Amino acid sequence: MPVLLLIPLLPFLGFVVNATIGRRWSKTLTGGVATAAMAGAFGVSVVQVWAMLSLEPVGGVRAIEQVVFTWLSSGPLQIPFALRLDPLAALMILVVTGIGTLIHLYSTAYMDGETNPEFARYFSYLNLFASFMLILVLGASFPVMFIGWEGVGLCSYLLIGFYFTKPSAADAGKKAFVVNRIGDFGFILGMLILFTAFGTLDFQNLATQVSLMGAEPATMAGAGILTAATLLLFVGATGKSAQIPLFVWLPDAMEGPTPVSALIHAATMVTAGVYMIGRNAVLFSHAPFTLEVVAVVGVLTALMAGTIGLVQNDIKRVLAYSTVSQLGYMFLAMGVGAFAGGVFHLYTHAFFKALLFLGSGAVIHALHGQQDMRYMGGLKSKLPITFWTFLIGTIAITGIPPLAGFFSKDEILWKTFSSGHPVLWGLAVFAAFLTATYMFRLLYMTFYGTSRASEAPSTEHPAQSTQHPAQSTEHVHDAPPAMAIALVVLAIGSVLAGLFGVPHALGGGNRIEAFLEPSFHAVTLVAETPALDVSLATEVGEAAPGAQTEHDAGEAEHGDTSTELLLMLGSVLVAVVGIWVATIFFLRAPERAEAMAVQFSGVHRWLLNKYYVDEFYNAVIVQPIKGMSTSFLWRTVDAGIIDGSVNGVGLLVRGWSAVLRRVQTGSVRAYAMSIFLGVVTILGYYLWR
């Protein structure tokens, strides 16, 4: 059996076991099986990544490709179920399995209030989710990726709607499923266009064929095909990774258990769109219009989600909009061609966003289901482990050095500026200010000040159904060991993960960029021919047009380094200003924030209601479809035409039956008279003829 198959197979086996016999086991055994399955996948991933790194580069890339079986074979359509491990996939599987293992471990304590069958159902879904995400990442072609792509969509529906007896949870699950189907429709169309144009759906074959088109596509038709295909693929990415206009499902996904939110936001589903673009960097690089669209949508999403996060009161929803905003940063990086920078931020974000969600889960667990920050406060001394780890995650996402978020965020900002997009850079910097403000608002409202738990209305969290909401913090306890271990490990990762990408401007080598870069190019075994004009210029001692002497290159590099350092300092100052604003309005004088909300009630109402996007979709899309379905498809077509036709046939038969029923009188004399009249009629007919 191909060893790469073990990576998604182990979590899948965990799903099978817990979905069938796990409900009859103890919770300890059920959670242990699920966590061991993820840990096993992580172990195999480490071994395979090490094996990949020991290979000699072929065409500039180290990769392991294994064909499991021939999946589809029909004429020119040849699709093997093939898995491929290269640097990009290596980073992703380590994130999915490593952080996924910690989330599984955390869940064993967080979900302990569930009954055994529900506990087993939860872990079976969690294992299946990870398994599909690993197939998505390791797939060597679009169809294999699409199995994982659809699988994580299914699992998000199951996990978001885990408490399906609660109407809001059931609705949120359906919303996530439907919105993602819209994006997936675009994804499928993009695949079909690529197969029609290039005759293959294998990632490497596509990249090679597209790279042969050169920097400028040979024909406008070729450029148009790539633009159309990549735009449709990006539609799929906006659904999975919650970008404008398909971001509305992700905040509602908070209806699921908190560890599910951590898994979706940090390690699995929402990173799929970013990964897909990185996997097809060659295609997108040859579609400059699509890249512009990706960059603009990314930065606008970062801004929109950031402003909404400023006023949300549900601790998990603030983090949800934070995820949408950070994903916008990743798409901005992809759009300006900084594919390694986008994946670098995906990697660091996985640590601190998982930490923040699990930290919020520890708070919710301690307060027996309370999620509204207006009824928290005063938890700093009560929950020391949760507080300090949460503080690390908050500083990391804010972009304060030397934590992980600083390096990846500033890499994106620098690449955006240096690629000639100063407007997008300015908007992204403002989004960084918003991030610092709403994240420290969350920190202050949750952990600082005095407890406001006694003001809270009665609530009940499904995972803590046997307990009553906390009305004070007197008996609040910090995270139990399984949860605390996950928090501490993720906090360490949030501090150290960025060190793999220290930029050249700070004396580092940006090792993660060097590691990932080969995955963003087509594999080629043909060496490029040196440019003729450069070689001739060298021979005669003159610089070719556009060429730089060593001295000029040194000056340019020094100038770029100075600019990068200056921009880096500016972004840190912006983050500090955001922290200062949050400190003034939400720590020292919270009444100022309340006064501003009253003074700018219109703006506050718009932000609190999320720009009324859901209401707009409801009025423009949902209600018209519902109205057409009710008045036309149901009442006219179904009830009127289809049911009317069927019922009409029944009425016709019934009417004739009523007539024939009168003939069946039961009188022998009447029957004899009928026979006599029949005979007379027949005889008369023949005699008359």
Side-chain angles (χ1 to χ4, degrees), residues 1-13 15-16 37 40-94 96-97 128 130-152 187-188 190-192 194-212 233 272 275-276 278-283 516 518-525:
M1 182 180 68
V3 180
L4 287 180
L5 184 62
L6 275 176
I7 299 173
L9 185 59
L10 287 173
F12 184 78
L13 291 176
F15 154 73
V16 172
F42 176 70
V44 176
S45 298
V46 171
V47 171
Q48 288 299 290
V49 170
W50 185 263
M52 181 205 72
L53 293 175
S54 65
L55 296 175
E56 289 296 324
V58 177
V61 180
R62 294 180 175 89
I64 299 173
E65 186 162 339
Q66 297 173 350
V67 177
V68 182
F69 57 87
T70 299
W71 179 20
L72 296 174
S73 179
S74 177
L77 182 64
Q78 301 293 324
I79 303 176
F81 190 91
L83 305 177
R84 189 171 190 271
L85 181 66
D86 68 349
L88 177 59
L91 181 69
M92 290 297 297
I93 63 172
L94 292 176
V96 174
T97 57
L128 186 63
S131 178
F132 276 126
M133 186 65 191
L134 291 167
I135 291 174
L136 186 156
V137 168
L138 289 170
S141 65
F142 271 110
V144 179
M145 172 186 273
F146 195 66
I147 295 174
W149 191 273
E150 289 299 287
V152 294
F187 190 97
I188 293 171
M191 283 198 300
L192 294 177
L194 289 173
F195 180 74
T196 302
F198 299 101
T200 181
L201 290 173
D202 181 86
F203 292 131
Q204 283 303 315
N205 290 342
L206 278 171
T208 300
Q209 291 193 43
V210 171
S211 66
L212 294 176
L233 291 175
Y275 171 78
M276 185 271 294
R279 173 56 66 206
N280 296 281
V282 175
L283 275 65
L516 292 171
S519 297
F520 305 130
H521 301 285
V523 175
T524 175
L525 301 177

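Along the sequence shown, residues are numbered consecutively beginning with 1. These numbers come from a predicted model, not from an experiment.
- Nearest heavy atoms, M52 versus A90: CE-CB, 4.2 Å.
- Residues L138 and L4 come closest through the heavy atom pair CD1-O, 4.0 Å.
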*Trace of the side chain to side chain contact (heavy atoms under 4.5 Å, CB included) decision for D86 with R279*: CA-CA 10 Å; D86 68 349; R279 173 56 66 206; 2.7 Å; yes
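- Two residues are said to be in side-chain contact when any heavy atoms from C-beta on lie closer than 4.5 Å; F12 and L128 meet this criterion.
- Minimum heavy-atom separation, V61 to P518: CG2-O, 3.4 Å.
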*Between N205 and F198, does a side chain to side chain contact (heavy atoms under 4.5 Å, CB included) hold up when you go through it step by step?*
CA-CA 9 Å; N205 290 342; F198 299 101; over 6 Å; no
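- Nearest approach of G278 to L88, heavy atoms of both residues: C-CD2, 3.8 Å.
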*Assess whether side chain to side chain contact (heavy atoms under 4.5 Å, CB included) is satisfied between L233 and L194, documenting all intermediate values.*
CA-CA 10 Å; L233 291 175; L194 289 173; 4.1 Å; yes
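- Between F146 and F187, the ring-plane angle classifies as parallel under the 30° and 60° cut-offs.
- Residue I93 holds its CD1 atom at 11.5 Å from CE of M133, rounded to the nearest 0.5 Å.
- Smallest separation of non-hydrogen atoms from A63 and R84: CB-NH2, 3.6 Å.
- Judged purely by atom type and a 3.5 angstrom limit, Q66 uses its side chain to pair as donor or acceptor with the backbone of V3.
- The two residues A37 and P11 make their nearest non-hydrogen contact at CB-CA, 4.1 Å.
- No donor-acceptor pair under 3.5 Å is formed between the side chain of N280 and the backbone N or O of L283.
- You'll find the side chain of I79 reaches within 4.5 Å of the side chain of S141, heavy atoms only.
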Distance-only criterion, 3.5 Å: show the donor-acceptor pairs between side-chain atoms of residues 41-50 and protein atoms not counting sequence neighbours.
| from | atom 1 | to | atom 2 | distance (Å) |
| --- | --- | --- | --- | --- |
| S45 | OG | A41 | O | 2.7 |

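- Taking the six-membered ring where the residue is Trp, F69 and F81 present parallel rings, their angle staying beneath 30° rather than reaching 60°.
- Side-chain contact between P143 and W71 is present, with at least one heavy-atom pair separated by less than 4.5 Å.
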